[in-house]
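These figures come from a predicted structure and were not determined experimentally. Both backbone and side-chain heavy atoms feed into the values below; hydrogens, waters and symmetry mates do not.
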Amino acid sequence: MTEHHHDPRTPTPVTVAAWFVLGVAPTEEVPWWAAQWLADGQDSPALRELAGLNGRDSHTVNDLLPAALAELGIALPSTTMAAAAEAFRQLAEMCLSERAGELWVTQQVEDIVMRADYDNEVIDLPLGQLYGTEDAWQGGWGPPIEELKNTVRACCAAQLRATQP
């Protein structure tokens, strides 16, 4: 029997459910992730079908993903706030494990806040408080880069503390 090891770059189905609700799930990657989930021992008819799709067929991927998640027992987040909290948790983990850079995290936060229609509850989350940081970073008018990086890492740590059960 071959032992499978989860690829840390593959998001969990829970994270992908959050991305789907936020409209940021990269459909071209979803079939590959579905195949990884199958290799990790998760299985369902819709997941197998999803794993066999071409990621360029975004409509079919988007149509099938909710069913595949449901068959795995993963509910789509019921609110934008819940989806953003999960997406932010995943971003924080990536940043603090050095799988993502601080600037990239701020760019993702900007995108999520925008897609959440600038919801105050989302902006109030520890990572949501980084909203606007990308402008300071890219514009060169904000604090020194090292200070911005430290702020991002501190917000990531706070986000993980906030989402602990």
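Scored by the side-chain contact (heavy atoms from CB on, under 4.5 Å) test, Ala157 finds Leu96, Arg161 as partners (sequence neighbours excluded).
Nearest approach of Leu69 to Leu76, heavy atoms of both residues: CD1-CD2, 3.9 Å. Minimum heavy-atom separation, Ile112 to Leu91: CD1-CD1, 4.0 Å. Scanning both residues, Ala92 and Leu127, for their nearest heavy atoms gives N-CD1, 4.1 Å. Taking both residues in full, the closest heavy atoms of Ala35 and Ala51 are given as N-CB, 3.6 Å, listed atom of the first, atom of the second, then distance. When all heavy atoms of Ala18 and Ala87 are compared, the pair lying nearest together is CB-N, 4.2 Å. Counting all heavy atoms, side chain and backbone alike, Asn54 lies closest to Pro31 at C-CG, 4.3 Å.
Inter-residue side-chain proximity for Leu125 and Met81 is flagged as met; some heavy-atom pair is nearer than 4.5 Å. Taking 4.5 Å as the limit, some side-chain heavy atom of Val152 sits within range of a side-chain heavy atom of Trp137. You'll find the side chain of Trp104 stays beyond 4.5 Å of the side chain of Arg99, heavy atoms only. Under the 4.5 Å side-chain criterion, counting only non-hydrogen atoms from C-beta, Gln42 is in contact with Pro13. Using a 4.5 Å heavy-atom threshold, the side chains of Thr133 and Thr151 count as separate. Residues Arg89 and Leu160 form a side-chain contact, since some pair of their non-hydrogen atoms from C-beta on lies under 4.5 Å apart.
Note: Thr106 OG1 to Leu103 CG = 4.5 Å, rounded to the nearest 0.5 Å. With rounding to the nearest 0.5 angstrom, the SG atom of Cys155 is 11.0 Å from the CG atom of Asn150. Note that the CG atom of Asp111 and the CG atom of Leu22 stand 9.0 Å from one another [nearest 0.5 Å]. We find the OG1-CD distance between Thr27 and Glu29 to be 9.0 Å, quoted to the nearest 0.5 Å. With rounding to the nearest 0.5 Å, the separation of CG in Asp40 from OG1 in Thr10 is 7.0 Å. To the nearest 0.5 Å, atom CZ of residue Phe20 and atom CD1 of residue Ile74 are 14.5 Å apart.
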Could you walk me through whether Glu28 and Val61 pass the side-chain contact (heavy atoms from CB on, under 4.5 Å) check? CA-CA 8 Å; Glu28 68 278 1; Val61 169; over 6 Å; no
CA sep, side-chain torsions, deciding dist, call: Trp19, Leu65, side-chain contact (heavy atoms from CB on, under 4.5 Å): CA-CA 11 Å; Trp19 290 349; Leu65 181 59; over 6 Å; no
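No donor-acceptor pair closer than 3.5 Å links the side chain of Trp33 to the backbone N or O of Thr12. Side-chain N or O atoms of Glu71 include one that pairs as donor or acceptor with a backbone N or O of Ala46 at under 3.5 Å. The main-chain N or O of Tyr131 is never found under 3.5 Å from a side-chain atom of Glu110 such that the two would form a donor-acceptor pair. Not a single donor-acceptor pair under 3.5 Å links the side chain of Gln159 to the backbone N or O of Phe88.
There is no side-chain donor-acceptor pair under 3.5 Å between Arg115 and Thr80.
Salt bridge status for Arg153 with Glu146: present, with a side-chain N to carboxylate O gap under 4.0 Å.
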